[in-house]
**Student:** 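Could you have a look at this structure, given as structure tokens, before my questions?
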Amino acid sequence: FGVHILKSEFENFFLDGFFLENSSHYQMIYAKSFLEMSMVCEFGDDQKLKKWFEEKTKKILFHSDKLLSTNNSFSSMPLFGDISPDMDPN
């Protein structure tokens, strides 16, 4: 049932992998969560679910990667939008 909710609501929160709430911190949290869920799917036998997570994770990671600094003198990502109290952005 949870997977059904996740699949049906995904497009309400993401546009081609970019988190619509415009928060760099939550973009990274979702990237971490989807990467973990994608890895968990490796242990199951639901190939359609595995493919769905792989496709969504790839898109989320694409946008998350763009937030990371490539300048050696700046070692953190820019923070914009909401910051989650559940995870320190540093």
Side-chain angles (χ1 to χ4, degrees):
F1 186 68
V3 170
H4 173 72
I5 294 171
L6 183 63
K7 285 182 167 183
S8 66
E9 294 299 318
F10 183 85
E11 302 302 325
N12 291 328
F13 292 93
F14 291 91
L15 177 62
D16 199 35
F18 184 76
F19 185 53
L20 292 173
E21 294 292 322
N22 295 321
S23 168
S24 58
H25 191 222
Y26 278 99
Q27 178 77 31
M28 293 306 214
I29 290 172
Y30 281 115
K32 177 184 178 293
S33 296
F34 268 77
L35 187 56
E36 290 169 348
M37 290 185 277
S38 187
M39 291 168 60
V40 167
C41 286
E42 292 290 325
F43 297 102
D45 54 355
D46 188 339
Q47 295 302 311
K48 287 173 71 175
L49 180 62
K50 179 181 173 182
K51 182 178 179 181
W52 186 87
F53 268 110
E54 286 174 351
E55 290 172 356
K56 301 304 182 193
T57 301
K58 184 177 179 180
K59 290 179 179 182
I60 292 171
L61 288 174
F62 172 81
H63 293 291
S64 299
D65 185 56
K66 299 299 180 195
L67 295 172
L68 298 176
S69 174
T70 57
N71 182 342
N72 290 334
S73 64
F74 182 66
S75 62
S76 65
M77 68 175 186
L79 293 175
F80 57 84
D82 294 337
I83 306 298
S84 171
D86 300 325
M87 183 181 291
D88 185 355
N90 298 315

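Only a predicted model underlies this, so the values are computations on that prediction, with no experimental measurement involved.
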**Student:** How about CZ on Phe80, more than 12 heavy atoms from neighbouring residues, nucleotides or ligands closer than 6.0 Å, or not?
**Tutor:** yes
**Student:** Test of understanding: with side-chain contact (heavy atoms from CB on, under 4.5 Å), list the residues that count as partners of Lys51, not counting sequence neighbours.
**Tutor:** Glu55
**Student:** Report yes or no: do Leu35 and Val40 belong to one cluster of Ile/Leu/Val/Met/Phe/Trp/Tyr joined by side chain heavy-atom distances under 4.5 Å?
**Tutor:** no
**Student:** Output the distance between atom CZ (Phe43) and atom SG (Cys41), rounded to the nearest 0.5 Å.
**Tutor:** 10.5 Å
**Student:** Which value, rounded to the nearest 0.5 Å, describes the distance between Asp46 atom CG and Trp52 atom CH2?
**Tutor:** 12.0 Å
**Student:** Can you name the salt bridge (charged side-chain N to carboxylate O under 4.0 Å, His left out) partners of Glu11, sequence neighbours left out?
**Tutor:** Lys56
**Student:** How long is the straight-line distance from CD1 of Ile83 back to OH of Tyr26, given to the nearest 0.5 Å?
**Tutor:** 8.5 Å
**Student:** When rounded to the nearest 0.5 angstrom, what is the spacing between NZ in Lys50 and OG1 in Thr57?
**Tutor:** 12.0 Å
**Student:** Find the distance between CD (Gln47) and CD (Glu54) and round it off to the nearest 0.5 Å.
**Tutor:** 8.5 Å
**Student:** Can you name the residues that form a salt bridge (charged side-chain N to carboxylate O under 4.0 Å, His left out) with Asp16, not counting sequence neighbours?
**Tutor:** Lys59
**Student:** Decide whether Val3 and Phe13 are clustered together by the hydrophobic rule: side chain heavy atoms of Ile, Leu, Val, Met, Phe, Trp, Tyr closer than 4.5 Å, transitively.
**Tutor:** yes
**Student:** Please walk me through it: do Lys32 and Glu36 pass salt bridge (charged side-chain N to carboxylate O under 4.0 Å, His left out)?
**Tutor:** CA-CA 6 Å; Lys32 177 184 178 293; Glu36 290 169 348; 2.7 Å; yes
**Student:** Check ring-ring contact (aromatic ring centres under 6.0 Å, His included) between Tyr30 and all other residues, then give those that pass, not counting sequence neighbours.
**Tutor:** Phe14, Phe19
**Student:** Which heavy atom of Asp82 sits nearest a heavy atom of Ser23, and at what distance?
**Tutor:** O-OG, 2.5 Å
**Student:** Once ring-ring contact (aromatic ring centres under 6.0 Å, His included) is applied, do any residues pair with His25, and if so which ones, sequence neighbours excluded?
**Tutor:** none
**Student:** Only counting residues at least two apart or in another chain, list the ones meeting ring-ring contact (aromatic ring centres under 6.0 Å, His included) with Phe53.
**Tutor:** Phe34
**Student:** Counting C-beta onward and ignoring hydrogens, is there a side-chain heavy-atom pair between Lys7 and Leu49 closer than 4.5 Å?
**Tutor:** yes
**Student:** Just verifying a value: how many Å separate Gln27 CD and His63 NE2, rounded to the nearest 0.5 Å?
**Tutor:** 7.0 Å
**Student:** Is the count of non-hydrogen atoms from other residues, nucleotides or ligands lying under 6.0 Å from Asn12 atom CG greater than 12?
**Tutor:** yes
